[in-house]
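See structure below.
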Amino acid sequence: MLHGRLLNYLDEVARSGSIRKAAERLNVAPSAVSRQILYLEEGLGTPLFQRGPRKLVLTAAGEIIIRHVRGTLKDMDRAQAQIEELKGLRRGEITIAVMSGLAANLVPRCVADFQQKNPRVKVNIRLLATGDDIMSAVASEEVELGIGFDFPSRPKIRVLNGAIGRLGAVMAPDHPLAGRSILRVSDCLGYRLIVADETMAIRPYLDQMFAKAKLEPEFSIETNSIEVMRHTAMMDGSITFLTPFDIEFEQHLGRLVYVPMQELSHHTQRLMLVSHDKALGALTGVFIENLRSLIERATGSIEQAT
């Protein structure tokens, strides 16, 4: 491993072809530069420069070393830039594409936590209708991150994290069924039921649940708005059916309770965080850590992709 000072000495001598000129640019004594290079040549057992009367020229061994030196210096510059980002010394911007249910709950909470520590970073949240729309935005690099449910595999897309959520009954904490550890669909009859309409991905699971129980309940409200489901459940003793991801904020504040449903125990949704397969910036990495922490709180577990 070459010392950082020596890396700069070697790079500057190779560029200028002169120990004296390199020393002037580096503001050090020529003897210090010459001594360090000689020590390295002795250690390697081969000269790195051909010492002509007017100019130093890299040998074949020197060419190999200088490629390593310049690659290392570039890596160090990138690392320092990322550290500066983490320290808040630079302004930054992150763009995220999300599905509708997450846009009003998990993601805003994550953004708020993130911006408390990184106030100079702007976060753009794009609400997209489908998983395909989100995947296309990530693949085209219009956004850094995509967050949604059950994305299919796709070229140029990397799955960063995932977590499994199961549909369950959601209600206010003072609801008569809120203290139960698990519910059957028959337990929910007799209460106002607020359900996803037929345009939403969770509706088929609910239809299967009622069909399996041989029930045809009357729904008080059918809606394509998770926000309506949450707020109605908080207000009037209704029951709705959502995942822990959908109510993470309300659970945290004690406004809603999630109770597993026996008939829905095998029906899962996988929350997925995806990015382009290129390397991510430091700020994006910090945002991902914040989101991972919230997901773990909401579900108790998280899948980490490599």
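Side chains included, hydrogens not; waters and symmetry mates left out as well; all remaining heavy atoms used.
- Around the CZ atom of Arg255, the shell of radius 6.0 Å holds no more than 12 heavy atoms that belong to other residues, nucleotides or ligands.
- Shown here are the salt bridge (Lys or Arg N to Asp or Glu O under 4.0 Å) partners of Arg154, two or more places apart in sequence or in another chain: there are none.
- Counting only distance, with no hydrogens or angles, the side chain of Ser293 and the backbone of Asn290 share no donor-acceptor pair below 3.5 Å.
- A salt bridge links Asp187 with Arg180: the closest approach of a Lys/Arg side-chain nitrogen to an acidic carboxylate oxygen falls below 4.0 angstrom.
- With hydrogens and angles ignored, the 3.5 Å screen pairs a side-chain donor or acceptor of Ser140 with a backbone N or O of Ser136.
- Under a 3.5 Å cut-off, the side chain of His175 and the backbone N or O of Gly237 do form a donor-acceptor pair.
- The two residues Ile65 and Leu48 come nearest to each other via the heavy atoms CG1-CD2, 3.9 Å.
- Nearest heavy-atom pair, Phe114 versus Ile94, reported as atom, atom and distance to 0.1 Å: CZ-CD1, 3.9 Å.
- Separating the OG1 atom in Thr232 from the CE atom in Met171 is a distance of 14.0 Å, to the nearest 0.5 Å.
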(message) Set out, in order, the CA-CA distance, both residues' side-chain angles and the distance that settles side-chain hydrogen bond (donor to acceptor under 3.5 Å, both in side chains) for Asp246 and Thr243, then state yes or no.
(response) CA-CA 5 Å; Asp246 299 314; Thr243 71; 3.0 Å; yes
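- Checked against the 6.0 Å centroid threshold, Tyr205 and Phe241 do not count as a close aromatic pair.
- Of the possible polar contacts, none joining the Gln262 side chain to the Leu183 backbone as a donor-acceptor pair under 3.5 Å is found.
- In this structure Asp132 satisfies the salt bridge (Lys or Arg N to Asp or Glu O under 4.0 Å) test with no other residue, sequence neighbours excluded.
- Counting only distance, with no hydrogens or angles, the side chain of Asp150 and the backbone of Arg270 share a donor-acceptor pair below 3.5 Å.
- In this structure, Phe219 has its ring center closer than 6.0 angstrom to the ring center of Phe210.
- In this structure a side-chain-to-backbone donor-acceptor pair under 3.5 Å is missing from Glu12 to Leu26.
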